[in-house]
Protein chains: 2
Amino acid sequence: MQLCCKSTNPLVNLQKKAEEMIRYRGERITPGRIHTLAMLLSERRAVTHHEIEERLKGEHRFDRVTLYRVLEWLNEKGFVHRLVNADRVWRFRANIHEYSQPHAHFECLRCTKVVCLDDFEAAHDFELPAGYRSREIELTVKGLCAECT
Amino acid sequence: MQLCCKSTNPLVNLQKKAEEMIRYRGERITPGRIHTLAMLLSERRAVTHHEIEERLKGEHRFDRVTLYRVLEWLNEKGFVHRLVNADRVWRFRANIHEYSQPHAHFECLRCTKVVCLDDFEAAHDFELPAGYRSREIELTVKGLCAECT
DNA sequence: TGTGGATTTGCAACAGAGTTGCATTTACTA
DNA sequence: TAGTAAATGCAACTCTGTTGCAAATCCACA
């Protein structure tokens, strides 16, 4: 299990990688998409819109609305996924490695940090009410992270 | 497994029950608390602030801020718990039956309705990163409810 | 039963995350 | 390279929830 492991590649390589990922799908390449996806590829934690905005401020000027739309687009196209925790703020994370593979999240009750627990197996069959159909299972372990213990 | 099973008791009895519950803990009785808790006791689904407001409109006039504060108080005191789903809106549910007992939630991807799956057993031990401590496990099954299938 | 004082309530104003409309700019196709 | 559909920037907006403060209410105690 690995947490928050920054890629060893320089960010430039990730920008190339992001560009390739988008081009491969036949979608339009824009600076917003490249920079945002590259940033998310470099980060294994799920990060907020605000955090992304702060981090991209240096290399590329961005309107916040544009960033919202880029994130929504990346989510729609399956490049990233998003989740919401107790502070009711969207958090985004690249889908690389595990396209559509379910995994659990850990949420720190004190600092509200969210990390992904990749080796979760969604092997549990749930008995649902009649007529209900399960599509995905989201599991969040809440507690205290190492810094907050 | 039961879903959204309205109590067979008339609402008046639930108001008495709510009052007893609060009095038993030595807390102050107010109309807001009684009506809100009674309403939540009658409902097994997790409901939003807005839904509660609508439903209480007839019997008791309420300021929305007061309702927010009542809900926060009920949550703090352990009479209800709250959860947030993909629409980033708090949902509240009475804790009766299962004080502090973990259970899963089902969230409909189309109508965003949330129901509680009571017979979930949080028997899964998770391998957490070093220094991390688990306090509770939240499990959400996402899919389509009977009406939306 | 009446009263003092801490709690709760109502109102207004605010805060933060996210959305919408629209004119301008950009990426890509032909 | 030009035309066009898509993406961007800006301003204004919505929606959920919060804060400050004066007025009303609850309840312990006399």
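Letters A, B, ... are given to chains in the order of the sequence lines, protein chains preceding strands, and every chain is numbered from 1.
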Cationic N near anionic O, under 4.0 Å, Lys57(B) to Glu54(B): yes
Phosphate contact (dG17(D) OP1 or OP2) by Tyr68(B) side-chain N/O below 4.0 Å: yes
Options dC27(D), dC11(C), dG18(C), nucleotide nearest the side-chain atoms of Arg28(B): dC27(D)
Sugar-phosphate, base or nothing in reach of Thr30(A), heavy atoms under 4.0 Å: sugar-phosphate
Geometric class of the Tyr68(A)/His49(A) ring pair [parallel <30°, tilted 30-60°, perpendicular >60°]: parallel
Distance, rounded to the nearest Å, where Asp87(A) contributes CG and dT16(D) contributes P: 17 Å
Distance in angstrom units between Glu27(A) CD and dA7(D) P, rounded: 8 Å
Whole angstrom value for the distance that separates C1' of dA7(D) from CG of Leu67(A): 14 Å
Rounded interatomic separation in angstrom, taking CD from Glu72(A) and P from dA6(D): 16 Å
Proximity to the side chain of Arg69(B) - top-ranked nucleotide from dG20(D), dG18(C), dG9(D): dG20(D)
Ring geometry between Phe62(A) and His35(A) (parallel below 30°, tilted from 30 to 60°, perpendicular above 60°): perpendicular
Earlier contact from the 5' end, DNA chain D, for Val70(A) and Arg23(B): Val70(A)
Interatomic distance, Arg88(A) CZ vs dG17(D) C1' [rounded to whole Å]: 6 Å
Among dT8(D), dA7(D), dT18(D), the one nearest Arg33(A) by side-chain distance: dA7(D)
Sugar-phosphate only, base, or nothing, as touched by Val65(A) at under 4.0 Å among non-hydrogen atoms: base
ILVMFWY network linking Val65(A) to Val70(A), side-chain heavy atoms under 4.5 angstrom: no
Among dG10(C), dC28(C), dC26(D), the nucleotide that comes nearest once only the side chain of Thr66(B) is considered: dG10(C)
NZ/NE/NH1/NH2 to OD/OE distance under 4.0 Å, Glu51(A) and Arg45(A): yes
Gap between atoms CG and P, on Asp63(A) and dT24(C) respectively (whole Å): 16 Å
Touch class at under 4.0 angstrom, heavy-atom based, for Arg64(B) against every strand present: base
Whole-Å distance separating the CZ atom of Phe62(B) from the P atom of dT9(C): 7 Å
Rounded interatomic separation in angstrom, taking NE2 from His50(A) and C1' from dA15(C): 14 Å
